[in-house]
**Student:** 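Before I ask anything, here is the structure I am working with.
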Amino acid sequence: MKLDVRHNVPLKEHCTFKIGGMADNFVVVNTEEELSLAKEMDRPFILGNGSNILFSDQGYRGTIIKLGAGFSKIEVGEDYIEAGAGALLSKVSSAATDAGLSGLEFAYGIPGSVGGGVYMNAGAYDHSLSELFDNKEGFGYRMSPYKANNEIVTKARFNLIPADKEKIKNLVRDYTLRRTSKQPLSYPSAGSFFKRPEGHFAGKLIEDAGLKGYKVGGAQVSLMHAGFIVNTGNASAEDVKALMRHVQMVVKTKFDVDLMPDVIMMAE
C-alpha cells in the first residue's frame with residue numbers, strides 16, 4: 001500500500017487560527033492500515049480540525065496526519081452515538097438532535113473534531129465530553145488519559161438520553177445565540193486561548209487588566225471577548241506568543257494569577 005503524501009503543505013490552511021508555515025509531509029488517511037503506515041513516517045503528528053492549535057511560522061519538520069472520510073462515520077443508536085475521530089463535533093451534535101438524543105447540545109458550536117475533542121476533553125458552558133462516557137477515569141479539565149499517554153483516538157461512543165426533539169433544538173439555539181453574541185467568530189482564532197484559572201475567569205482578568213484590544217503585530221486580544229486572541233489578518237505565530245506573554249505578565253503583576261494557554265503550541 002502506498003500513501004498519498006503531499007509535501008510543503010501550508011499549515012495555515014489546516015487550522016482555525018490561519019497561521020503556520022509549511023509541513024514537510026502531509027497525509028490524509030482513511031483506514032487503520034493507512035494510519036499505521038503513516039505513523040512510521042518522520043515525526044508523525046495527528047491533526048484534528050486544527051481548532052485548538054498554533055503552528056510555528058517555520059512550519060513542521062515532520063509528518064502531519066489528517067484523519068479523512070474513512071474516520072468520519074457516525075452511527076446512531078437508541079441511546080448513543082458512535083463517531084469516528086475525523087467527524088466534526090458539530091455534525092455529531094446535529095445527528096443527535098435529529099435523532100432526539102440529548103447530551104451533546106453544548107458541542108454544536110465547538111469547531112473541533114471528535115478525536116481532538118476527546119483528546120483534549122473539549123467542553124463549553126460547564127459541560128465536557130467526558131460526561132458522556134462510561135469510563136471517566138483519567139479525564140479532567142482539558143485533560144484525558146489519551147493526552148496523558150500520547151495515544152491516538154480513532155472513534156468514540158457518547159452515551160445520550162432520548163428526549164423531546166423540540167427541547168433539544170431550543171437548547172442548541174440558546175447555546176448558538178450565546179456564542180454568536182459573545183464570541184469573535186468573524187476573526188480567525190483558536191477559541192478561548194487560556195485555561196480557566198481556579199476561582200477566576202481568564203477573560204474577566206484580562207479585561208480588568210485593561211488589555212482588551214491590545215495588539216502585537218496582527219494578533220489582538222479580542223474587543224468582543226478578552227479571553228480570545230484573534231488573528232486580525234496577518235498575525236504570525238510569534239505575534240501570538242508575544243501577546244500571550246504580555247497578557248500573562250500583566251495579569252500576574254496585577255492579580256497574582258498565572259494564566260496557562262489552552263492552545264497547543266507546535267514547534268517547527
**Student:** Can you sort out the partners of Q220 under side chain to side chain donor-acceptor pair (under 3.5 Å), two or more places apart, ordered by chain and number?
**Tutor:**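 Here no residue qualifies.
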**Student:** Ignoring hydrogens and geometry, is there a side-chain-to-backbone donor-acceptor pair from T232 to G218 under 3.5 Å?
**Tutor:**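 Looks like yes, one N/O pair under 3.5 Å.
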**Student:** With salt bridge (charged side-chain N to carboxylate O under 4.0 Å, His left out) as the rule and sequence neighbours excluded, what pairs involving residues 138-163 come up?
**Tutor:**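 Qualifying pairs, neighbours excluded: E82-K155, R142-D262.
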**Student:** List in chain and number order the residues that pass side-chain contact (heavy atoms from CB on, under 4.5 Å) with K165, two or more places apart in sequence or in another chain; answer none if no residue qualifies.
**Tutor:**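 Only K169 meet the side-chain contact (heavy atoms from CB on, under 4.5 Å) criterion with K165.
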**Student:** Does H7 have its ring centroid less than 6.0 Å away from the ring centroid of F26?
**Tutor:**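 Ring centroids of H7 and F26 are no less than 6.0 Å from each other.
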**Student:** L88: which residues meet the side-chain contact (heavy atoms from CB on, under 4.5 Å) condition with it, sequence neighbours left out?
**Tutor:**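 Applying side-chain contact (heavy atoms from CB on, under 4.5 Å) to L88 gives N49, S90, K91.
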**Student:** Filter on salt bridge (charged side-chain N to carboxylate O under 4.0 Å, His left out), then keep only pairs touching residues 8-24, sequence neighbours left out; what's left?
**Tutor:**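 Applying salt bridge (charged side-chain N to carboxylate O under 4.0 Å, His left out) to every pair that reaches into residues 8-24, excluding sequence neighbours, yields D24-R61.
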**Student:** My understanding is that only residues two or more places apart in sequence, or in another chain, count here; which of them pass salt bridge (charged side-chain N to carboxylate O under 4.0 Å, His left out) with D258?
**Tutor:**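 Scan of D258 (salt bridge (charged side-chain N to carboxylate O under 4.0 Å, His left out), adjacent residues dropped) gives K252.
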**Student:** Residues in side chain to side chain donor-acceptor pair (under 3.5 Å) with S102, at least two apart?
**Tutor:**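 E105.
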**Student:** Report the C-alpha distance between M244 and M265 in whole Å, list the side-chain angles of each, state the deciding distance to 0.1 Å, and finish with yes or no for side-chain contact (heavy atoms from CB on, under 4.5 Å).
**Tutor:** CA-CA 11 Å; M244 174 195 73; M265 284 181 279; 3.6 Å; yes
**Student:** Quick check on the hydrophobic clustering: are V230 and F55 connected, directly or via other members, by side-chain heavy-atom contacts under 4.5 Å?
**Tutor:**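 Not linked; separate clusters.
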**Student:** Any chance the side chains of S56 and Q58 put a donor and an acceptor closer than 3.5 Å?
**Tutor:**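 Result is yes, a qualifying pair exists.
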**Student:** Step through it carefully: locate the ring centre of Y80, locate the ring centre of F158, and say whether they are under 6.0 Å apart.
**Tutor:**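 Ring-ring flag for Y80/F158: false, centres at least 6.0 Å apart.
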**Student:** Could you measure the distance from the CD1 atom of I152 to the CD atom of E32? Nearest 0.5 Å is fine.
**Tutor:**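 The distance works out to 9.0 Å.
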**Student:** Tell me the ring-ring contact (aromatic ring centres under 6.0 Å, His included) pairs involving residues 95-121, sequence neighbours left out?
**Tutor:**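 Those involving residues 95-121 are F106-H127.
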**Student:** Listed by chain and number, what are the side chain to side chain donor-acceptor pair (under 3.5 Å) partners of S236, not counting sequence neighbours?
**Tutor:**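 Result, side chain to side chain donor-acceptor pair (under 3.5 Å) vs S236: D239.
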**Student:** Just jot down the salt bridge (charged side-chain N to carboxylate O under 4.0 Å, His left out) partners of E238, sequence neighbours excluded, or say none.
**Tutor:**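 For E238 the salt bridge (charged side-chain N to carboxylate O under 4.0 Å, His left out) partners, ignoring immediate neighbours, are K241.
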**Student:** Do any pairs count as a ring-ring contact (aromatic ring centres under 6.0 Å, His included) and have a residue in residues 178-198, sequence neighbours left out, and if so which ones?
**Tutor:**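 Non-adjacent pairs meeting ring-ring contact (aromatic ring centres under 6.0 Å, His included): zero.
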**Student:** Could you tell me how the ring of F133 sits relative to the ring of F139: parallel (under 30°), tilted (30 to 60°) or perpendicular (over 60°)?
**Tutor:**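 Answer is tilted, since the angle falls between 30° and 60°.
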**Student:** Quick one: side chain to side chain donor-acceptor pair (under 3.5 Å) partners of D4, sequence neighbours excluded?
**Tutor:**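 Scan of D4 (side chain to side chain donor-acceptor pair (under 3.5 Å), adjacent residues dropped) gives none.
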